[in-house]
Each structure stands twice: as C-alpha cells, then as structure tokens.
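Counting convention: from 1, in listed order, for ligands and their atoms alike. What you see is a predicted model; the values in this text were computed from it and never measured. Just so you know, residue 1 is the first one in the sequence shown, and it goes up from there. All heavy atoms count here, side chains included; hydrogens, waters and symmetry mates do not.
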Amino acid sequence: MLRSILLKLSASNGFANWVTSNGKTRSMAQRFVPGETLDQAIAAARQCNNAGMLVSLDYLGENVSTTADAQRARDAYLEIFERIAKEKLNANVSCKLTHLGMDLSVEFCEGLVLSVVERAASYDNFLRADMEGSIYTQRTVELVKRVRARNPAIGTVIQSYLYRSESDVKDLLAYGCRVRLCKGAYKESAEVAYPKKADVDANYVRLMQLLLSSGFYHGIATHDPQMIAATIRHAAAQKISKDDFEFQMLYGVRTDLQRRLVKDGYRVRIYIPYGLDWFPYFMRRLAERPANVMFFLRNLLR
Ligand SMILES: Cc1cc2nc3c(=O)[nH]c(=O)nc-3n(C[C@H](O)[C@H](O)[C@H](O)COP(=O)(O)OP(=O)(O)OC[C@H]3O[C@@H](n4cnc5c(N)ncnc54)[C@H](O)[C@@H]3O)c2cc1C
C-alpha cells in the first residue's frame with residue numbers, strides 16, 4: 001500500500017516541486033544520488049573504482065516531452081563516454097529510453113540511442129538501456145535488438161516481477177544480448193506482474209540460472225542476500241567463474257554487502273545516478289523499503 005502511494009506520488013509534479021525545492025529532502029536524496037553534476041558523479045565513480053568496484057553512470061531523466069530535451073540528453077550521454085575515457089574510469093553508462101525520446105517516436109529515439117552506442121563502442125565501452133514501466137517493455141526489447149544488430153555495445157534490463165520476462169530472456173539470449181536482471185521498481189498490476197514477493201524472488205532465481213548458464217556476460221542486480229546466495233551457489237555448481245558475471249548494486253544501498261562481495265573476489269558494479277532530475281529515482285528508492293520512508297519522515301519533522 002505504502003509502495004503504491006509512493007510510486008503514484010513519483011509522477012506528481014506538485015509533490016516533485018515541493019520535494020526538490022526543500023533543503024532537507026535534497027540532502028536526504030544525496031544518500032542515493034551523489035550529486036547533480038557530472039563532476040560529482042565522476043568523483044563518486046573514482047571512489048568506487050578505488051574500492052575495487054566497477055561503475056555504471058546514469059544521467060537522471062525520463063519521459064522527456066520535446067525532441068530538444070531528448071537531444072540534450074543524447075549530448076550529455078556522448079559527453080559521459082568522453083569523460084570516462086579521459087578520466088580512465090572503469091565505468092559504463094545506463095540510460096532510460098524515455099529520456100532519449102521513446103514517448104515521442106520510437107524511430108527518433110532509436111536514432112539517438114544508435115549514436116550513443118556508436119560513441120560507446122568507439123571507446124570500447126557499453127550502454128545499458130534501463131527497463132522502465134511495463135508499457136515500455138516490448139518497445140525497449142525490440143529497439144535494443146535492432147540497435148544491437150548494428151552495434152553490439154548495448155544491453156538491457158529484465159525485471160523478474162513480470163510474467164513475460166522468461167520469454168524476453170530467451171529472446172534476448174538468442175541475440176547474444178547482455179542482460180541486467182533486477183526485480184523491478186515500478187507500480188504494476190497483477191495482470192502483468194507477480195503481486196507476491198515470493199513469486200518475484202522464485203522467478204528471479206529461475207532467470208538468474210538461465211542467464212548465468214548462457215555463456216554470455218550478465219549483471220545480477222540485487223541487494224537481496226538470498227538472491228546473491230542463490231547466484232553464488234549456482235555459479236559454483238555449474239563451475240561458472242567469478243569473472244564471467246557481475247553483481248550490481250545501487251549507490252548508497254547495502255555498502256557493507258558491496259564491500260564483502262569484492263573482498264570475496266566477485267565483480268561488483270555500482271549504479272551511480274546524477275543530475276537535477278532525481279525526484280522519481282529518489283521516490284522509487286523510498287518505495288523499495290519502508291525503513292527509508294520512516295527515515296525520510298523523521299528528518300522532515302525534525
Ligand atoms: C544496479 C541496479 C540497476 C537497476 N535497474 C533497474 C531497472 O532498469 N529497472 C527497474 O525496474 N529496476 C531497476 N533496479 C531496481 C530493482 O528493480 C529493485 O527495485 C531494487 O534493486 C530492490 O530490489 P532488491 O533486489 O534489492 O531486493 P529487495 O527484496 O527489494 O531488497 C532486499 C534488501 O536490499 C536492501 N534494499 C533494497 N532496496 C533498498 C533501498 N532502496 N534502500 C535501502 N535498502 C534497500 C534492503 O536491505 C532489503 O531488505 C535496479 C537495481 C539495481 C541494483
């Protein structure tokens with residue numbers, strides 16, 4: 001119920017204006033978003049690299065409503081790949097297709113994505129198309145397959161809460177596509193997504209096994225110790241090397257677990273978002289954990 005309310009509020013402009021103009025909430029958001037500028041994100045990425053972790057930089061933004069905004073986002077992504085190379089960071093980039101104009105036209109969005117992927121490939125790097133709400137799933141999978149056919153420096157994300165995900169995983173694997181597996185962060189109806197956490201988790205384990213056994217390099221994105229333990233068990237049983245997959249976690253979430261996995265020799269990539277448009281991302285992080293909401297409310301009332 002609380003999760004639903006928060007995810008609904010994440011689309012409210014009035015609430016967004018209030019939260020983003022409030023000094024207290026801005027400083028609370030810094031737990032998940034290390035800064036509003038690329039320089040701040042680069043500094044956070046360097047700290048992660050120094051701690052033995054890989055990074056994925058995400059320039060925050062979604063659902064742009066003009067082609068000019070989408071082109072500005074494209075330019076920002078082109079710049080990130082240049083900075084990563086210049087700063088010699090071990091980092092790739094994640095983006096949302098609605099930030100690159102998916103709501104305006106799939107063809108237009110595809111053109112922008114291709115130019116970003118070509119820039120990524122020119123630096124021997126990689127672009128990950130995040131997965132958004134289920135109304136975008138089909139378009140995202142199809143677009144990524146088409147772009148990948150022209151340039152393989154792109155992968156996408158699959159959410160274990162969706163019923164359709166096993167078929168999407170098999171489809172993407174047939175194209176040799178790299179996948180990030182996560183549980184899913186959006187508000188979805190029982191018509192398309194498992195309502196019960198136990199089913200989402202069971203599907204996560206099934207999909208993780210399919211991915212790891214595929215022979216391609218994938219990202220297992222979760223902070224759930226049970227999902228991580230299941231992954232480690234499966235990799236050991238199938239003699240899959242620690243270098244043949246990576247764990248992925250969000251900046252500011254379970255840093256203890258991040259460090260422990262690195263210490264145990266696993267590859268760990270930290271997702272580092274930055275930018276002015278942090279409100280919907282912040283709301284999704286609050287919605288994932290009731291304790292975050294209590295922390296948020298306590299600080300506001302203090
Ligand atoms: C690298 C990465 C990329 C992602 N990309 C996408 C994407 O493209 N599309 C998408 O829909 N979702 C994405 N997600 C979010 C994901 O779908 C989940 O909503 C989120 O990871 C929480 O699920 P969990 O697997 O950690 O398990 P959960 O069962 O939700 O959480 C397990 C434990 O992790 C900790 N935890 C989890 N979330 C939080 C939090 N916000 N604050 C504090 N502690 C927390 C808690 O200790 C919790 O008990 C991504 C997640 C990661 C890690």
In the protein, what heavy atom is nearest to atom 40 (C) of ligand 1, and what distance, to one decimal place, separates them?
Asn292 ND2, 3.4 Å
Top protein contact for atom 24 (P) of ligand 1, by heavy-atom distance
Thr222 OG1, 3.6 Å
Axial cation check for Tyr161 ring with Lys183, 6.0 Å and 45° limits
no
Atom 26 (O) of ligand 1 touched by protein (heavy atom, under 4.0 Å)
yes
Could you say whether the N/O atoms of Ala185 and ligand 1 ever approach to under 3.5 Å?
yes
For Glu246 and Tyr217, which I'm curious about, is there any donor-acceptor pair between the side chains at under 3.5 Å?
yes
Out of curiosity, does Leu261 fall in the hydrophobic cluster containing Tyr204 (side-chain heavy atoms, cut-off under 4.5 Å, transitive links)?
yes
Does only the side chain of Leu286 get under 4.0 Å from ligand 1, or the backbone, or both, or neither? Count heavy atoms.
neither
Contacting atoms of ligand 1, where contact means under 4.0 angstrom from a heavy atom of Ala221
1 (C), 2 (C), 52 (C), 53 (C)
Measure Val253 to ligand 1 on non-hydrogen atoms and call it side chain, backbone, both or neither using the 4.0 Å cut-off.
side chain
Cation-aromatic face contact Arg83/Phe81, 6.0 Å, 45 degrees
no
Asp168 and Ser165: side-chain donor and acceptor closer than 3.5 Å?
no
Which residue and non-hydrogen atom of the protein lie closest to atom 2 (C) of ligand 1, and at what distance in Å?
Leu250 CD2, 3.5 Å
Yes or no on salt bridge (charged side-chain N to carboxylate O under 4.0 Å, His left out) for Arg206 and Asp201, after CA distance, side-chain angles and deciding distance?
CA-CA 9 Å; Arg206 262 196 308 276; Asp201 289 356; over 6 Å; no
Please compare Glu246, Gln226, His223 and report which has the shortest non-hydrogen distance to atom 21 (O) of ligand 1.
His223
Taking the minimum heavy-atom distance to atom 15 (C) of ligand 1, which of Lys183, Arg285, Gln159 ranks first?
Arg285
Side chain of Asp130, backbone of Lys96: donor and acceptor closer than 3.5 Å?
no
Do Tyr59 and Tyr274 have ring centroids that are under 6.0 Å from one another?
yes
I'd like to know if atom 19 (O) of ligand 1 has any protein heavy atom within a distance of less than 4.0 Å.
yes
Identify the closest protein heavy atom to atom 6 (C) of ligand 1: which residue and atom is it, and at what distance?
Cys182 SG, 3.8 Å
So is Lys197 in contact with ligand 1, going by heavy-atom distances below 4.0 Å?
yes
Is it the side chain (CB and beyond), the backbone, both or neither of Tyr204 that lies under 4.0 Å from ligand 1, heavy atoms counted?
neither
Indicate, as side chain, backbone, both or neither, the part of Val157 found under 4.0 angstrom from ligand 1 when only non-hydrogen atoms are considered.
side chain
Ligand-residue contact atoms, ligand 1 with Gly184, heavy atoms, under 4.0 Å
11 (O), 16 (C), 17 (O), 19 (O)
Please say whether the positively charged group of Arg178, taken as NZ for Lys or CZ for Arg, lies over the ring of Phe126, i.e. under 6.0 angstrom from the six-membered ring centre and within 45 degrees of the axis.
yes
Does ligand 1 have a heavy atom under 4.0 Å from the side chain of Arg31, from its backbone, from both, or from neither?
side chain
Is the centre of the Phe247 ring less than 6.0 Å from the centre of the Phe245 ring?
yes
Measure the distance from atom 41 (N) of ligand 1 to every protein heavy atom, then report the residue, atom name and distance (to 0.1 Å) of the closest one.
Glu288 OE1, 2.8 Å
So is Arg180 in contact with ligand 1, going by heavy-atom distances below 4.0 Å?
yes
If only atom types and distance count, is the side chain of Gln30 paired as donor or acceptor with the main-chain N or O of Gly35 below 3.5 Å?
no
Specify side chain, backbone, both or neither for Met249, according to which of its non-hydrogen atoms lie closer than 4.0 Å to ligand 1.
backbone
How far is atom 9 (N) of ligand 1 from its nearest protein heavy atom, and which residue and atom name does that atom have?
Met131 O, 2.8 Å
Look at the rings of Tyr77 and His99 and say which category their plane angle falls in: under 30° parallel, 30 to 60° tilted, over 60° perpendicular.
perpendicular
